[in-house]
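Bear in mind that the values here come from a model prediction, so they are computed numbers and not experimental data.
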Amino acid sequence: MEQLITPWDSDEILDDLYVPQYIEEMAQQVINQYDFKVNSMEVITTKADKGGLIWKINTSKGPKSLKILHRRPSRSLFSIGAQEYLVNVKKARVPPIVKTKSGSNIVEMGGKIWFVADWIEPLYQVSADIEGAKLLSNAIGEFHQLSQGYVPPKGAENASRLFRWPNAYKKIVRKMTWFKDVAKLYSEMPASRTILDTVDIFEEQAKKALTMLEQSSYQQMVSKGNKEWGLVHQDYGWSNGQMGPGGMWIIDLDGVAYDIPIRDLRKLITGSMDDLGKWDINWIVGMLEAYNEANPITDDLFEILLIDFSLPNLYYKNVKEMLIEPTIALNSELDSVVQRIVEIDKTKWPIIEQLRKEWRGGNRK
């Protein structure tokens, strides 16, 4: 019976680049199914807690990446199909997949999907300033535009978040009550008082955002269906959008899913504002205009973006770990983080209002 690949470092005690011997042996079997010779292999990153891995392999046919995708095989087939569609049909700047000797995109072994893609060289991160943010925004807009029309291959899951927004918002509202309950239960922990002092504000924001979503044209928009909207990357940022031959390349497509595309842009903007420590109208307008050049932002789409900005995303993202391990998460570091988020949040609302008044149809009014 075939050995299954399982997570190998749930306690994070091993070296980050450690690979179990049985997986290295599987890698050799996988490589034998390709029409190239491997001169060297370098572990680039591991998802040891989930059973995923990326090697850079130097081969007789140039540098490649060899990946084990940690998700269910049927889910991984969705992203592999998307990568092939973007390269072959849309000529997008994403790494081409290398086929096996038998002409397949993948090898299935150990209960996981493995695949090889070209290693694009040179790639480098753009500058962590407004100009870099514009390049990233334009590139993800182009990606969203090109991904429209994708139909997953036979046997793949239909990975879609398109219809899940109301439930995702409701979950955030619900968990605010849980945050309160846990902070009360562990009242002696350093962050508990700050959580209890702030959670009501963010709960109110989440409820308002949910109401706005329910009153928006969201339902009408999603009725267009998955294929019409195309794909979001879901993990897009400075490391997964890089400058390379011919322009910006988008890499690591393992988590792509159907969704309203503006979600990637919202995450990119809120992440940038977190890094800045405040909301900055010039950055945001620059990013919106750069995105809009590649994938026009309709008024309906812009309204959804403003609603998604209104959700307390930053607070929720940083506080939710307390539900898993409260005695570890509710520390003095979280206390400082939450206080910082409260200050950033104060700068957000005037800018949302300014955007609502000034920015429509791709340009400032």
Side-chain angles (χ1 to χ4, degrees), residues 52 67 69-95 97 105-106 113 115 117 136-172 209-210 213-214 216-237 240-241 250-271 291-292 294-298 300-305 307-309 311 313:
K67 289 190 179 185
L69 300 181
H70 69 270
R71 293 175 172 85
R72 294 179 301 280
S74 55
R75 175 67 177 87
S76 294
L77 285 175
F78 180 92
S79 60
I80 294 283
Q83 192 157 339
E84 184 177 49
Y85 173 77
L86 284 159
V87 173
N88 293 354
V89 179
K90 295 301 187 86
K91 312 303 178 197
R93 280 186 297 275
V94 301
I97 294 169
N105 281 334
I106 59 146
I113 297 286
F115 80 106
L136 278 175
S137 302
N138 184 263
I140 198 64
E142 182 182 65
F143 177 89
H144 292 153
Q145 182 72 248
L146 293 174
S147 70
Q148 291 167 16
Y150 169 60
V151 178
K154 193 176 174 187
E157 278 179 37
N158 196 45
S160 179
R161 298 183 57 89
L162 192 64
F163 306 96
R164 288 166 57 179
W165 285 51
N167 283 340
Y169 278 44
K170 285 171 187 169
K171 181 174 83 171
I172 292 177
L210 174 60
L213 184 71
E214 289 170 342
S216 73
S217 52
Y218 165 78
Q219 290 295 348
Q220 188 184 337
M221 291 166 75
V222 298
S223 67
K224 287 166 68 175
N226 290 320
K227 199 172 75 162
E228 293 301 309
W229 281 110
L231 304 166
V232 292
H233 186 283
Q234 292 213 89
D235 188 27
Y236 185 68
N240 290 336
I250 294 184
I251 57 176
D252 293 342
L253 274 63
D254 316 345
V256 295
Y258 291 124
D259 203 348
I260 298 176
I262 212 80
R263 186 162 159 264
D264 274 336
L265 184 63
R266 191 274 298 163
K267 288 164 89 170
L268 186 64
I269 289 174
T270 49
Y291 180 94
N292 185 73
N295 193 32
I297 302 171
T298 63
D300 283 348
L301 206 52
F302 186 65
E303 187 59 33
I304 295 292
L305 177 65
I307 291 167
D308 215 33
F309 278 157
L311 202 64
N313 295 294

Please report the shortest heavy-atom distance between [X] and [Y], naming the atom on each side.
{"X": "Ala82", "Y": "Leu231", "answer": "CB-CD1, 3.6 Å"}
{"X": "Leu146", "Y": "Lys90", "answer": "O-NZ, 2.9 Å"}
{"X": "Asp300", "Y": "Met221", "answer": "CB-SD, 3.9 Å"}
{"X": "Tyr85", "Y": "Ser147", "answer": "CE2-O, 4.0 Å"}
{"X": "Pro261", "Y": "Val232", "answer": "CA-CG1, 3.6 Å"}
{"X": "Arg75", "Y": "Gly255", "answer": "NH2-O, 3.1 Å"}

To the nearest 0.5 Å, what is the distance between [atom1] ([X]) and [atom2] ([Y])?
{"X": "Leu86", "Y": "Ile250", "atom1": "CG", "atom2": "CD1", "result": "9.0 Å"}
{"X": "Gln219", "Y": "Leu213", "atom1": "CD", "atom2": "CG", "result": "8.0 Å"}
{"X": "Leu162", "Y": "Asn226", "atom1": "CG", "atom2": "CG", "result": "5.5 Å"}
{"X": "Leu301", "Y": "Leu265", "atom1": "CG", "atom2": "CG", "result": "9.0 Å"}
{"X": "Arg164", "Y": "Tyr258", "atom1": "CZ", "atom2": "OH", "result": "15.0 Å"}
{"X": "Ile80", "Y": "Lys67", "atom1": "CD1", "atom2": "NZ", "result": "8.5 Å"}

For [X] and [Y], which I'm curious about, is there any donor-acceptor pair between the side chains at under 3.5 Å?
{"X": "Asp259", "Y": "Trp165", "answer": "yes"}
{"X": "Asn313", "Y": "Thr270", "answer": "no"}
{"X": "Glu84", "Y": "Asn105", "answer": "yes"}
{"X": "Asp252", "Y": "Tyr236", "answer": "no"}

Verdict with reasoning, Tyr169 to Ile307, per side-chain contact (heavy atoms from CB on, under 4.5 Å): CA-CA 11 Å; Tyr169 278 44; Ile307 291 167; 3.8 Å; yes
Gln148 side chain near Trp229 side chain, heavy-atom distance below 4.5 Å: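 They are not in contact (no side-chain heavy atoms under 4.5 Å apart), so the answer is no.
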Verify, without hydrogens or angle tests, whether [X] (side chain) and [Y] (backbone) share a donor-acceptor contact under 3.5 angstrom.
{"X": "Glu142", "Y": "Asn295", "value": "no"}
{"X": "Ser217", "Y": "Gln220", "value": "no"}
{"X": "His233", "Y": "Ile251", "value": "yes"}
{"X": "Gln234", "Y": "Val256", "value": "no"}
{"X": "Arg71", "Y": "Leu77", "value": "no"}

Does Phe78 have its ring centroid less than 6.0 Å away from the ring centroid of Tyr150? yes
Ring centers of Phe143, Tyr291 separated by less than 6.0 Å: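 Aromatic pair excluded; centres sit 6.0 Å or further apart.
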From the options Ser74, Ser76, Ser79, select the one residue that forms a side-chain hydrogen bond (donor to acceptor under 3.5 Å, both in side chains) with Glu157.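 So the option named by the test is Ser74.
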Below 4.0 angstrom, N of the basic side chain to O of the carboxylate: do Lys267 and Asp235 qualify? no
Could you give me the CA-CA distance, side-chain angles and deciding distance for Phe309 and Arg266, then say whether side-chain contact (heavy atoms from CB on, under 4.5 Å) is met? CA-CA 7 Å; Phe309 278 157; Arg266 191 274 298 163; 3.7 Å; yes
Go through Ile262 and Asp308 one step at a time and tell me if the side-chain contact (heavy atoms from CB on, under 4.5 Å) criterion holds. CA-CA 9 Å; Ile262 212 80; Asp308 215 33; 5.9 Å; no
Checking side-chain contact (heavy atoms from CB on, under 4.5 Å) for the pair Leu268/Leu136: CA distance, chi angles, key distance, verdict? CA-CA 9 Å; Leu268 186 64; Leu136 278 175; 4.0 Å; yes
